[in-house]
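Here's the structure, in structure tokens; my notes come after.
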Amino acid sequence: MARLEVSDAQKWFRREDGRSMKVLDRASFELREGSVTALIGPSGCGKTTLLNAIVGLERLDGGDLVFRNDDGQQQSRPLIGYVFQGPRLLPWKRVGDNIRLALQGANVPREEWETRVHKYLDLAGLSEFVDQYPLYLSGGQRQRVGLARALAIESGLVLMDEPFASVDELTARQLRETSRALCEQLHRTVLFVTHNLSEAAYMSDYVVVLSGRPARVQEYVENSLPTPRRWGPEVHQFAAELEGKLSSTQEAIA
Amino acid sequence: MSVTSGTQSTGEVQAEESAHDQDAPLARVSYTRSIAARVLPPALAVFSIVAIWWVLHQIFSDLLPSPADTAAAAVNLLSDGTFFFHMFQSLRRVFVGFAIAMAFSVAVGIYMGTVQAGERFFQPLVVLGLTIPGLMWSLIAVMLFGINEVAPYFAVAATIFPMLVINIWAGVKAMDKELIDMSSVFRFSPSQKIRQVITPQLVPNIFAATRYGLGLAWKVVVVVEMFGTGDGVGFQVMRSYQIFDMQAVIAWTLTFVLAMILIEYGLINLIERRMTAWRPKVDVWRR
Ligand SMILES: Nc1ncnc2c1ncn2[C@@H]1O[C@H](COP(=O)(O)OP(=O)(O)OP(=O)(O)O)[C@@H](O)[C@H]1O
Ligand SMILES: [Mg+2]
């Protein structure tokens, strides 16, 4: 069953010179219930725009977003956990308070806040920093706080925009493992953007390959690697396959 | 960790080194040097004013009393039992009037910066308000309310409101849109948005407005007190003027200025430091 159907999504941006620029060109795909979908495509093609449209920060100029609840009924936009492309923390709030504010917004009962804060900061490897101000953290640590915040609200739908891009490969690998395991365990529906094709291969159940701007869905690929995932040659082989698909979209533009 | 137990392929991110290792050697600036760096510049500023005053006194000795004589007169004022009463009356008028204006201007400034209709409605009023002199508001206030406490409060608030609003409105317009977007995605309530996202970004504007606004408020209070009240520093200055006692006029002014400097350094700087503790210190001219 689909949690979210994106059908014929279209988006134009007005440029400074007054002309409009097409960013999304009839993009259609679906996010299946409890699955992890990777969104890949060339830089500047419209991935962040698509995620922003899904959370409601941008209005689509055409097409539809259909959200469904647990029973498959159509519903209005649900609570969505969003890892932005940057950390987007409130710098005047301590790390823990940044997460608590999101918990409050999600109507999580106050008694649960401390457990959640600790559980998800632990997961991000940052429990020591709960009382630190964000500007005193490293870039990768801030991004991980953003990850902890998006997961902590335990929403059914999670969007992540290059969530592990600013941390080292080993930490990234551990974060991928923990977040994938967590999403499986809690049965989340996840859409994440990445430029790292091994990450796409390792994390995903489905892969949406976008073309260059304006973004069309070039391919919708099912990831048939067995779960639980293990790093190994199969992952790299699938990554190479994805790379082939991506570069063919690039050639299509040229 | 309980989250991942039961699944096979998990390795959690190694918790990082404790954030507060106690025996870490920190680079330190010498204590005496940092005190000197803090105290010397303002001391030099005060010294140069006194020096200029002293030179002027040498030239216009019959008109302008010397700094030393005035200081002596000011100390004399302090020993007079009514000094603190008058000082307190004036300070109260300054702060109450200022607080009223600040409350309104934060509300109106946020409204102007976030709702276009609000901007269109208030902008002409604010520009209009900026051109109305404090003296005018003081006259109007005393004529409207008579000789009582409402008059100075009203005159102060009305005079400084437009200037406070301009500062806060500018701050709201320069706000970080990305953080507002974040707060919308995570469903902050309108009051959470105002308290946790918008107002903290206005702190620099609020402090700039406070420093300027308190100075302006004091000027208005003195004017109102000259003809609209039976006490306060302005009332005392006016009495000294009527007997042409230049030394007393300056001594009263001086004591009030000192009180305001104490408030600036003791109170406002302290609050500002506490409210900006989240911001690492920057040194632009470091080489
Ligand atoms: N608010 C905006 N106004 C005008 N143009 C925009 C706006 N936001 C994005 N764009 C344009 O839309 C295009 C797609 O941007 P988007 O951020 O979605 O790319 P992306 O696929 O996320 O790229 P990257 O992988 O580099 O993050 C870009 O060419 C960008 O210039
Ligand atoms: Mg992007």
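Each chain gets a letter, A, B and so on, in the order the sequences are listed, and its residues count up from 1. All values below come from the heavy atoms of this structure, side chains included, with hydrogens, waters and symmetry mates left out.
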Distance in Å, [X] [atom1] paired with [Y] [atom2], rounded so as to fall on 0.5 Å steps:
{"X": "B/Gln201", "Y": "A/Trp92", "atom1": "CD", "atom2": "CH2", "value": "4.0 Å"}
{"X": "A/Asn98", "Y": "B/Met182", "atom1": "CG", "atom2": "CE", "value": "6.5 Å"}
{"X": "B/Asp176", "Y": "A/Arg88", "atom1": "CG", "atom2": "CZ", "value": "8.0 Å"}

Has [X] got more than 12 heavy atoms of other residues, nucleotides or ligands less than 6.0 Å from its [atom1]?
{"X": "A/Glu112", "atom1": "CD", "answer": "yes"}
{"X": "B/Lys219", "atom1": "NZ", "answer": "no"}
{"X": "B/Met175", "atom1": "CE", "answer": "yes"}
{"X": "A/Phe13", "atom1": "CZ", "answer": "yes"}
{"X": "A/Arg15", "atom1": "CZ", "answer": "yes"}

Considering only heavy atoms, which portion of [X] lies under 4.5 Å from any heavy atom of chain B: side chain, backbone, both, or neither?
{"X": "A/Arg180", "result": "neither"}
{"X": "A/Leu135", "result": "both"}
{"X": "A/Tyr82", "result": "both"}

A/Ala102 and B/Phe186 have their tightest heavy-atom pair at CB-CD2, 3.7 Å
Looking at A/Leu79 and B/Val185, what are the two nearest heavy atoms and their distance?
CD1-O, 4.5 Å
Ranking A/Arg77, A/Arg149, A/Arg176 by heavy-atom pairs under 4.5 Å to chain B gives rank one to A/Arg149
If you tally heavy-atom pairs under 4.5 Å between each of A/Asn107, A/Ile80, A/Leu101, A/Leu89 and chain B, the highest tally belongs to A/Leu101
For the pair B/Trp278 (side chain) and A/Leu90 (backbone), establish whether a donor and an acceptor sit closer than 3.5 Å, ignoring hydrogens and angles.
no
Contacting moiety of B/Gln192, where chain A heavy atoms sit under 4.5 Å:
side chain
Which atoms of B/Val203 are under 4.5 Å from chain A, going by heavy atoms: the side chain, the backbone, both sets, or neither?
neither
